[in-house]
Chemist: 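Below is one structure. I have some questions about it.
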Amino acid sequence: MGRRRSDAVTLSDVARLAGVSISTASKAINAQAQVAPATRERVLRAAAELSFQPNVLARGLISGRTRTVGLLTDELGGRFAMPILLGVENALANEQMSVLLCDARGDAIRRRHYISSLLARQVDGFIVLGDDNGIRPSLTRDIPVPVVYAYCESSDPGDLSVIADDEGGARLAVEHLVSLQRKRIGHITGPQSYRAARDRVTALHRVLAEHGLGLAGGAPLYGEWSQRWGRNAAGILLATNPEVDAVFCGNDQIATGVADAMSRLGKRIPEDVAIVGYDNWVEFAADCRPPLTTVDLGLERLGTTAAQYLFDALDGRRPSGVIRQPCRLVVRESTSALGHS
């Protein structure tokens, strides 16, 4: 039979077998410099012989680190949280660290409770995960360990935030359409209250102006992040601008609705109207007819980047400001019959 929990091997057992003090055994196992190489080898051999598993919390008390990070989000079930979390977790696992995940669900009381709970567990740092790439109130003053904000921008410029470059992503989309000789480009997007939507519109106007073009209809069509809005808005755009030859959409759901409506209204895609979406949400982009050219935010990479900046902070380097992670364009058949990623 294996050992019962009460019979678990302790550091004292290792020290006894190695013929050293408990303090020396601890230093050897934690790779501290005050132990002679021969002594360290003897302790490690004893630990292996006894199948000793160091207590993580005990090691944390010795080293000042628990090798855990708290990840605080307001919408774990949202479209953007899971790929970012995967990137964070992969980066932490590579450093033999763990993540403790808390979903505050947008509730301030719940958020304060989770911050207190994570601090009580002596996490080494925090990653605060946003859900819309917008600005959020800083939490750093309540957290005495390093904090990095991911897919949101802290309201405190002294904090470090890693966000997707929405203006850069929109530029990729519009320059692609312009390169295809499209000259009457419309824009259908989500609510104007979203900073991401406004940033993309800023880049859209800038690129069109650089090429001496105006926006079809004169103004973006703001609405919902939905296929239904895409279908409705496509009808509005065509009714007022029948010569439109391209549509840049605020997300892939809208773009899928636009593609459906354009086809029903007799427009060929991409021959008559080229369509570009945003997010590279494969469930929509790949299933769209035809498959959708779109902008990929690189969310998993964004999570990895946030974790790497947290490692820097834990090592004493405390960068601040906003890191805008570049997006990439994924070309499919909605803009080119020879679409490719």
Side-chain angles (χ1 to χ4, degrees), residues 77-87 131-133 151 163-180 182 185-191 194 196-197 199-201 203-204 220-221 223-234 237 244-265 267-303 325-341:
R79 156 76 179 93
F80 303 104
M82 290 311 297
I84 297 173
L85 174 59
L86 285 174
D131 58 8
D132 63 4
N133 213 40
Y151 202 64
I163 64 174
D165 183 3
D166 274 312
E167 288 195 34
R171 173 171 285 275
L172 290 175
V174 183
E175 287 183 339
H176 174 63
L177 291 172
V178 171
S179 76
L180 298 174
R182 306 295 169 139
I185 301 170
H187 185 47
I188 300 172
T189 190
Y194 279 71
D199 285 351
R200 294 167 198 171
V201 167
L204 165 70
L221 293 173
E224 302 172 348
W225 301 113
S226 69
Q227 288 174 270
R228 180 176 60 183
W229 165 239
R231 287 191 292 269
N232 292 342
L237 185 61
V244 66
D245 59 10
V247 184
F248 169 40
C249 301
N251 75 353
D252 293 339
Q253 289 167 280
I254 292 172
T256 301
V258 169
D260 180 52
M262 290 290 179
S263 296
R264 292 181 184 220
L265 292 167
K267 295 291 186 180
R268 297 170 302 160
I269 303 169
E271 293 85 356
D272 298 328
V273 180
I275 299 174
V276 178
Y278 209 99
D279 295 340
N280 197 26
W281 190 349
V282 176
E283 287 82 352
F284 287 94
D287 288 344
C288 183
R289 291 294 173 262
L292 188 63
T293 293
T294 184
V295 176
D296 192 313
L297 300 176
L299 295 175
E300 189 167 333
R301 188 173 74 254
L302 191 151
Q325 178 173 269
C327 304
R328 69 184 180 96
L329 186 71
V330 180
V331 180
R332 298 190 180 96
E333 285 89 337
S334 71
T335 60
S336 171
L338 300 176
H340 61 278
S341 295

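The figures here come from the full heavy-atom set of this structure, side chains too, leaving out hydrogens, waters and symmetry mates. Numbers here are sequence positions counted from 1. Keep in mind it's a predicted model, so treat the numbers as computed, not measured.
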Chemist: How far apart are the C-alpha atoms of Arg328 and Asp296, what are their side-chain angles, what is the distance that settles it, and do they pass the salt bridge (charged side-chain N to carboxylate O under 4.0 Å, His left out) test?
Modeler: CA-CA 5 Å; Arg328 69 184 180 96; Asp296 192 313; 3.5 Å; yes
Chemist: With side-chain contact (heavy atoms from CB on, under 4.5 Å) as the test, would you mind laying out the steps for Val247 and Leu237 before giving the verdict?
Modeler: CA-CA 9 Å; Val247 184; Leu237 185 61; 3.8 Å; yes
Chemist: Could you check if a side-chain atom of Asn251 sits within less than 4.5 angstrom of a side-chain atom of Trp281, using non-hydrogen atoms only?
Modeler: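 No; the side chains remain at least 4.5 Å from each other.
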Chemist: How long is the gap from CD1 on Ile188 to CH2 on Trp229, to the nearest 0.5 Å?
Modeler: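 Answer rounded to 0.5 Å: 7.0 Å.
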Chemist: Going through the checks in order, is the side-chain contact (heavy atoms from CB on, under 4.5 Å) test met by Phe80 and Asn133?
Modeler: CA-CA 10 Å; Phe80 303 104; Asn133 213 40; over 6 Å; no
Chemist: Should Pro326 and Asp165 count as side-chain neighbours, where that means a heavy-atom distance under 4.5 Å?
Modeler: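 In short, these two side chains do not touch, never coming nearer than 4.5 Å.
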Chemist: How many angstroms lie between OG1 in Thr293 and CD1 in Ile275, if you round to the nearest 0.5 Å?
Modeler: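 Nearest 0.5 Å value for the OG1-CD1 distance: 9.5 Å.
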Chemist: List the steps, then state whether side-chain contact (heavy atoms from CB on, under 4.5 Å) holds for Glu300 with Ile84.
Modeler: CA-CA 5 Å; Glu300 189 167 333; Ile84 297 173; over 6 Å; no
Chemist: Between Ala164 and Tyr151, what is the shortest heavy-atom contact and its length?
Modeler: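 Closest approach of Ala164 to Tyr151, heavy atoms only: CB-CE1, 4.1 Å.
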Chemist: Supply the atom-to-atom distance Thr294 OG1 to Asp279 CG, rounded to the nearest 0.5 angstrom.
Modeler: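 That separation rounds to 6.0 Å.
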Chemist: Looking only at heavy atoms, which two atoms of Val258 and Cys249 are closest? And how far apart?
Modeler: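 What the structure gives for the nearest pair is CG2-SG, 3.9 Å.
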Chemist: Mind listing the closest non-hydrogen atom pair of Leu172 and Cys327 along with its distance?
Modeler: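 That closest heavy-atom pairing would be CD1-O, 3.5 Å.
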Chemist: Got a second to check how far Leu299's CG is from Leu85's CG, nearest 0.5 Å?
Modeler: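 Reported to 0.5 Å precision, the distance equals 12.0 Å.
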Chemist: Picking from Leu292, Leu177, Asp252, what satisfies side-chain contact (heavy atoms from CB on, under 4.5 Å) with Val276?
Modeler: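 Filter result, single survivor: Leu177.
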Chemist: Compare every heavy atom of His187 with every heavy atom of Gly250, then report the nearest pair and how far apart it is.
Modeler: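 Heavy atoms only, the tightest pair is N-CE1, 4.2 Å.
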Chemist: Just by distance, with hydrogens left out, do Asp199 and Tyr194 show a side-chain donor and acceptor under 3.5 Å apart?
Modeler: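 Checked: Asp199/Tyr194 side chains show no N/O donor-acceptor pair below 3.5 Å.
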Chemist: Is a donor from one side chain sitting under 3.5 angstrom from an acceptor on the other, for Arg332 and Asn280?
Modeler: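 Result is yes, a qualifying pair exists.
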Chemist: Within the structure provided, determine whether His176 and Val331 are in side-chain contact (heavy-atom separation under 4.5 Å).
Modeler: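 In short, these two side chains touch, coming nearer than 4.5 Å.
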Chemist: Working to the nearest 0.5 angstrom, can you tell me the gap between Thr256 OG1 and Glu283 CD?
Modeler: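 Rounded to the nearest 0.5 Å, the OG1-CD separation comes out at 11.0 Å.
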Chemist: Determine whether Glu224 and Arg228 satisfy the following criterion, salt bridge (charged side-chain N to carboxylate O under 4.0 Å, His left out), listing intermediate values before the conclusion.
Modeler: CA-CA 8 Å; Glu224 302 172 348; Arg228 180 176 60 183; 3.6 Å; yes
Chemist: Determine, stepwise, if the pair Arg200 / Glu167 fulfils side-chain contact (heavy atoms from CB on, under 4.5 Å).
Modeler: CA-CA 5 Å; Arg200 294 167 198 171; Glu167 288 195 34; over 6 Å; no
Chemist: So how far is it from Phe284 CZ to Gln227 CD, rounded to the nearest 0.5 Å?
Modeler: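 Answer for the CZ-CD pair, Phe284 versus Gln227, is 4.5 Å.
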Chemist: Looking at side-chain heavy atoms only, is the closest gap between Ser226 and Gln253 below 4.5 Å?
Modeler: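 Counting from C-beta outward, Ser226 and Gln253 never come under 4.5 Å.
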Chemist: Indicate the atoms forming the closest heavy-atom contact of Leu180 with Thr335, along with that distance.
Modeler: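 Looks like CD1-O, 3.5 Å.
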Chemist: State, with a plain yes or no, whether a side-chain heavy atom of Asp166 is found less than 4.5 Å away from one of Tyr278.
Modeler: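 Yes; the side chains approach each other to less than 4.5 Å.
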Chemist: Could you report the tightest heavy-atom contact between Pro290 and Ser334, atom names first, then the distance?
Modeler: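 Shortest heavy-atom contact: CG-CA, 3.9 Å.
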